[in-house]
Amino acid sequence: MNGNFRRVHYFIPCLLVLFLSRPPVFAHQLHAIVPYHGMRMTSKHSDFYVVKIEAEKAEAGNLLIDVHFSSAVDPRTVALPDVLVNGRPVPSETSELFNKAGTEVRFKFPASVCRMFLSSADTRIKLEFVSAASFNGSPLIQNAFDGITDGYVQVFKKPAGDGSY
């Protein structure tokens, strides 16, 4: 009996090593897994819209635009190539920051980028999200916002079903 007991104790660790050394069953999906931190969870409601937009000039001529969403935004859908400013893609020099809950994104446009987007004749910005969506897959109801300039603060109500505020 003592020999069988030793074989079992030897067999169990061998099984653990075998299972832990093999790739997971979902290994073909590993490229789609993105490590997000914070409290981003799918919301139960389906309406996904912009709650507030704020813009201000910061130090050294940088422009900060804060966009607050009604629920957590999927960061992959508001990546810099998917955001347009005055109809052009946002340059890579622009930084993009999210709050912990994922409901706010801050765009920091360096002064050089501001000069490129803002001519002396047109000092307003039109911000457009090409494919913004929440974590549950709901698309952004209204995706274009214009008239943004230094000191701009706009609070939006829940939009009507047709996308108008």
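Here the structure is a predicted model, which is why all the values come from computation and not from measurement.
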**Q.** N143 side-chain N/O to F129 backbone N/O, donor-acceptor pair under 3.5 Å
**A.** yes
Q) Taking atom CG of N86 and atom CZ of R124, what is their separation to the nearest 0.5 Å? A) 11.5 Å
**Q.** Set of side-chain contact (heavy atoms from CB on, under 4.5 Å) partners for E54, sequence neighbours left out
**A.** K52, D66, H68, V153
Q) Say you draw a straight line from OH of Y49 to CD of Q142; how long is it, rounded to the nearest 0.5 Å? A) 12.5 Å
Q. Is there a chain of hydrophobic side chains (I, L, V, M, F, W, Y, each step under 4.5 Å between heavy atoms) that links F69 to L84?
A. no
Q) Does I125 reach the side chain of L63, with side-chain heavy atoms less than 4.5 Å apart? A) yes
Q. Are L140 and L80 grouped together when hydrophobic residues (ILVMFWY) are joined by side-chain heavy atoms under 4.5 angstrom apart?
A. yes
Q: Consider only side-chain heavy atoms of I, L, V, M, F, W and Y, link residues closer than 4.5 Å, and tell whether F145 and V130 are in one cluster.
A: no
Q. How far does CD of Q154 sit from CD1 of I148, to the nearest 0.5 angstrom?
A. 9.5 Å
Q) Does F107 have any ring-ring contact (aromatic ring centres under 6.0 Å, His included) partners at least two apart in sequence or in another chain, and if so, which? A) none
Q: Check S70 against F48 and note the closest heavy-atom contact, atom names and distance.
A: OG-CA, 3.5 Å
Q. Hey, what do you get for CZ (F109) to CD1 (I65), rounding to the nearest 0.5 Å?
A. 4.5 Å
Q. Are T94 and K108 side-chain neighbours, meaning at least one heavy-atom pair lies under 4.5 Å?
A. no
**Q.** Contact check, side chains of L97 and V105, non-hydrogen atoms, under 4.5 Å
**A.** no
Q | Flag, side chain of N99 to backbone of E104, donor-acceptor distance under 3.5 Å | A | yes
Q) If you round to the nearest 0.5 Å, how far is CD of E56 from OG1 of T149? A) 12.5 Å
Q.
Test question: given the 4.5 Å side-chain rule for I, L, V, M, F, W and Y, name all other residues clustered with L64, or answer none.
A. none
